[in-house]
Structure formats: structure tokens, C-alpha cells
Amino acid sequence: MTAIGIESLSFATSRYFLDLDLLAQARGVETSKFSQGIGQRLMAVAPPDEDIVSLAASSAKKAIENCDDPQNIAMVLMATESGVDQSKACGIWVHHLLNLPSQCRVVELKQACYSGCAALQLALSYLSRHQNKKVLLIASDIARYGLHTAGEPTQGCAAASMILSCQPRLVAIEPEYGAYTSHVMDFWRPNYRDEAIVDGKYSTKVYLEALAESWKAYQAASGRSFTDHARFCYHIPFTRMAQKAHERLAKICGIQAISTEQIADSLLYSQQLGNSYTASLFVGLASLLENSTCDLTGQRIGFFSYGSGCVAEFFSGVVLPGYQQFLHTTHHQQLLKSRQPLSVDQYEEFYKFRLPQDGSRYMVERYRTGDFRLAGIDGHERLYESVI
Ligand code: CAA
């Protein structure tokens, strides 16, 4: 059977971050609550001229660098739950900024943090029938909760982009999967709100229930057990959640002792950028592949995607020989290292920024961004530009 999977993978995040020790001090919370209880150290904060489109375009540009024949990109699937338009697919701006082929389908997908996984599975089905084509999958989100709320330290932002094809170089995705859907109100964002409404503790409970159910379905479909997987990548709303998920899965499977190496490398980037909703699973994969000190060739990774509301899925992939030479490790590590720290006041200023809601012309001050930025708005139209 033809291998189908990930040919290249890159992510982008804000050039600014808030140290959660500062946030803890400002909110009168012990710093160990955020660093240990939540498992987060730094939180990426988007400046006014960075949004899901600019992040998406920056990450996609890098992912395409490793792609031999970008003219074969026949589909752009953009997963997000921070959409900036009710009608136009955000991916069309990315398609335009990157000058992608006009013979291309572009569509936006939504189901909370899960839609990146849905896009992946839809792309794989498409590629099985169109083996010379490629799909650009982008998952891009800015996670926002209210100031002074329990969710505040679990904000963040990133976009992850992947070229999917029948010539995968990083990971071949296996066909077996276990999906699970249940109508729950653990986290949602009505159209008239900028911040999510979340029943935090309940959401963590539902996440773990959805893990159990989707694992059960995956196991029935694949016949595989816990020990058939060398590494695990979970949806990472905050890293402690992924650790709890791993402990829960081991318990369900009757595994007495789990080793930290099964998930530790996948959490390193998210610890430094926070929740990125749809992107977090793929940021976790980049983190695993780029930080692992051992050769993962031939190793099976178990993936768990969770989107509140809720839809979840467990699936797997196998790491391909020579994957190391197609990673963007230096670029990603440099990106994380070169970010500018914010004070709590500066973070709140970025947080409170809003474009005019009447669509009147407003050009946004220039901050540090990736290769693209939101230049402003004019006549209700968002204006993007390249900054290089
Ligand atoms: N030192 C170390 N640990 C400490 C501590 C201290 N001084 N003080 C408290 N803690 C620990 C607590 O014991 C607790 O640990 P356990 O969970 O292991 O019991 C942990 O820190 C969190 O503290 P609280 O129980 O007091 O919880 P909280 O009120 O701070 O809320 C939260 C935590 C519910 C995760 C909140 O941050 C939140 O609502 N986040 C947004 C929702 C979310 O991320 N949900 C995840 C599942 S839904 C999903 O995955 C989709 C998505 O992306 C949103």
C-alpha cells in the first residue's frame, strides 16, 4: 500500500512572550501553580499586527520550502477556531500571500481544536485517489480567555503547516483510527464574543473520557496495544493535561510504569508557547521529532486529538527513515529563543487591542512579526503584507 503522510512540517508563533512567573505574581498566585500545576513556563502573545492569517502564512512558507513541487499543491485546508471572517476562508489570504496555484481548492474547517485532525484525515483520503497531488494543511489559532480568569495562563498562539502527500518524508500516517463525538458544553465561543466560555474542570474531565473512548475505537480497528507505540503526541491545552492523559491511557491499558520519554520531548515547545488549539498536536509532533536525542526511525507514534464540544480521535503514524534531514529544527529553536519578553502591562495592552468594529480605515502600528503581517483594515477589508 502507498505510504501517505507528512512530507514537511513547520510552525510559527508570536515574536513576543509573557513569562508566567510574572503573570502569577501579578495575579497573586504561587509561581509553582503555573509552572508545575499547569505545566507552562512561557506564553506566546500576539501583537496587534499578528493574527491567524499572518501566522499561517509564515508557517506555510517554511513548510513549502521543503516541498520539491509546490505546483502540485491542489488543496489548502485551514483549520482554526479563531476565524476572522464568517464567510471567506482564511486560507485564501495565505494562498494569495504565497502565490499558490490557482487550480487549487481552499476551504476552512472548524470543530474547536479537533479540526486539524479532521483536515488531516480528509487530506489522506483525497491523496489516496490523487497520488501525484499535495495538500497544504494549516492549523492556526490564538487562544484567548478572560483576563484574571483560571484559563488565563493557558493562552498562547501558533500556526502549524504541513505538506501532506504520497511521498512522505517525516511520518507515514496509518489508516486505522478511532473517532468519538458527544454533545457537551465544556468550551465554546459564541459569535459575539472574543474570548471562549469554558467550564475548565469539566473540560479536563471530558478530554479524558474522550481519550478513553477514542482509544477503545482505535484499538478495536487496529488491534494494537499501548506498547505498540514508542511515543505519544496529545492535544496540549497545557502540558500537565497531556501528562495526565498519558497516565490515564496507561491506566486504561493496565500498564504499571510509564516512562517520561514517551511524551516529554513532545511537550517542550508547547511549554514555551502555550495553547495553540488546532495547531497544538502538530507543534507537539515537531517538538518530538526535533528534540528527541534518539533516532525515531520506524517508531510508531500514537496521536490524540481533542476538540471541545466535543470530537476526539486517536490515530497513529510511523516515523520514516532520513526524517532528520527534512526538519526545521534550527529555525524553530531560533524562533523561540529570539522572542521578546513582555511585562504584564504590555501583555494586557496587546490583549486589549481591537481593530475598529465599523470597518473604517485603520493602519496597524508595526511590531515584530514573522514574514507576513496584518497591515490594517480598510472598508471592512483586512490588509496583509509581506515584511521581507
Ligand atoms: N504548586 C503546584 N501545583 C499547584 C499549586 C501550587 N502552588 N496550586 C495549585 N496547583 C495545582 C492544582 O493542585 C491542580 O493540579 P491537579 O489538576 O493535578 O489537581 C492544578 O494546579 C490546577 O489548579 P486548579 O485545580 O486550582 O485549577 P484552576 O482553577 O487553576 O484551573 C484549568 C485549571 C481548569 C485547566 C484552567 O486553567 C482552565 O480553565 N483552562 C482552560 C480550559 C482547558 O485548557 N481545558 C483543557 C481540556 S479542554 C481542551 O483541551 C480544548 C482546549 O484546548 C481548550
Side-chain angles (χ1 to χ4, degrees), residues 18 20-21 23-41 43-44 52 79-82 110-118 139-160 180-189 193-214 232-249 251 263 266-267 270-271 273-284 303-314:
L18 176 65
L20 288 186
D21 282 357
L23 184 66
Q25 284 154 16
R27 301 296 182 246
V29 170
E30 283 180 45
T31 53
S32 57
K33 175 166 182 184
F34 294 166
S35 60
Q36 291 162 32
I38 302 284
Q40 290 301 126
R41 289 181 38 235
M43 184 170 92
I52 56 155
T80 185
E81 56 177 305
S82 341
K110 179 177 72 184
Q111 182 3 70
C113 307
Y114 167 75
S115 60
C117 173
S140 184
D141 269 307
I142 297 179
R144 282 174 66 90
Y145 299 96
L147 297 176
H148 300 269
T149 65
E152 188 178 23
T154 68
Q155 299 175 107
C157 65
Y180 171 75
T181 294
S182 172
H183 169 52
V184 288
M185 297 302 277
D186 59 331
F187 168 110
W188 68 103
R189 184 167 68 84
R193 283 181 63 107
D194 289 328
E195 295 88 30
I197 297 171
V198 61
D199 187 343
K201 299 267 169 60
Y202 177 56
S203 72
T204 61
K205 184 170 162 280
V206 181
Y207 176 118
L208 295 174
E209 285 167 7
L211 169 63
E213 293 301 323
S214 53
F232 294 80
C233 289
Y234 293 89
H235 168 56
I236 313 170
F238 50 95
T239 63
R240 191 70 194 107
M241 183 77 237
Q243 287 166 341
K244 283 186 180 186
H246 195 54
E247 287 157 17
R248 177 64 63 92
L249 186 62
K251 193 168 172 213
I263 60 163
S266 74
L267 306 180
S270 287
Q271 248 162 19
L273 57 83
N275 196 355
S276 55
Y277 292 161
T278 52
S280 88
L281 180 64
F282 308 115
V283 170
F303 294 94
F304 175 65
S305 174
Y306 175 75
S308 289
C310 74
V311 183
E313 186 161 332
F314 202 100

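Start at 1 and go down the list; that is how both ligands and their atoms are numbered.
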Taking atom 37 (O) of ligand 1 as the reference point, the nearest protein heavy atom with its distance: A150 O, 2.8 Å
K244 near ligand 1 by a heavy-atom separation under 4.0 Å: yes
Shortest protein contact, atom 25 (O) of ligand 1 (heavy atom only): K201 CE, 3.1 Å
Top protein contact for atom 53 (O) of ligand 1, by heavy-atom distance: H235 NE2, 2.8 Å
Electrostatic pair E152:R27 at N-O distance under 4.0 angstrom: yes
Gap separating the OG1 atom of T278 from the NZ atom of K110, nearest 0.5 angstrom: 13.0 Å
Ligand-side contact atoms (ligand 1) for residue partner P237, heavy atom cut-off under 4.0 Å: 44 (O), 46 (C), 50 (O), 53 (O)
Heavy-atom protein neighbour under 4.0 angstrom from atom 12 (C) of ligand 1: no
salt_bridge(R240, E247) N-O dist < 4.0 Å: yes
Separation between CD1 of I142 and OG of S82, rounded to the nearest 0.5 Å: 6.0 Å
Atom indices of ligand 1, in the order listed, that fall short of 4.0 Å to a heavy atom of Y207: 50 (O)
Per-atom contacts, ligand 1 versus Y145 - under 4.0 Å to a heavy atom: 41 (C), 42 (C), 54 (C)
Exercise: do S276 and D141 side chains pair donor with acceptor under 3.5 Å: no
Distance from atom 43 (C) of ligand 1 to nearest protein heavy atom, with residue and atom: S203 OG, 3.8 Å
Nearest option to atom 44 (O) of ligand 1, as decided by whichever heavy atom of Y234, F238, Y306 sits closest: F238
Closest protein heavy atom (residue, atom, distance) for atom 40 (N) of ligand 1: T154 OG1, 3.4 Å
Atom indices of ligand 1, in the order listed, that fall short of 4.0 Å to a heavy atom of G200: 34 (C), 39 (O)
Any N/O pair Y277/ligand 1 closer than 3.5 Å: no
Between E313 and Y114, a side-chain donor and acceptor under 3.5 Å: yes
Donor-acceptor under 3.5 Å (R189 side chain, R193 main chain): yes
Protein heavy atom under 4.0 Å of atom 32 (C) of ligand 1: no
Nearest non-hydrogen protein atom, atom 23 (O) of ligand 1: K33 CE, 3.3 Å
Sidechain-backbone polar pair: T239 side chain, G39 backbone, donor-acceptor under 3.5 Å: yes
Nearest-contact summary for atom 20 (C) of ligand 1 - protein heavy atom, Å: G37 O, 3.6 Å
Heavy-atom pair of closest approach, residues H246 and Y234: ND1-OH, 2.8 Å
Check: Y277 ring centre within less than 6.0 Å of Y306 ring centre: no
Ligand-side contact atoms (ligand 1) for residue partner F187, heavy atom cut-off under 4.0 Å: 54 (C)
Residue and atom name of the nearest protein heavy atom (relative to atom 1 (N) of ligand 1), distance in Å to one decimal: S32 OG, 2.9 Å
Worked check of side-chain contact (heavy atoms from CB on, under 4.5 Å) between M241 and I236: CA-CA 7 Å; M241 183 77 237; I236 313 170; over 6 Å; no
Element-labelled atoms of ligand 1 that are located less than 4.0 Å from some non-hydrogen atom of C113: 51 (C), 52 (C), 53 (O)
Under 3.5 Å: donor-acceptor pair, side chain of Q111, backbone of S308: yes
Location of contacts on V206 toward ligand 1, heavy atoms closer than 4.0 Å: neither
Which segment of E30 sits under 4.0 Å of ligand 1 when only heavy atoms are counted: side chain
Any side-chain donor near an acceptor of the partner, H235 and S280, under 3.5 Å: yes
Aromatic ring pairing Y207/F304, orientation class (parallel under 30°, perpendicular over 60°, tilted between): perpendicular
Ligand 1 atoms in contact with V198 (distance to a heavy atom under 4.0 Å): 42 (C)
N275, any N or O under 3.5 Å of ligand 1 N or O: yes
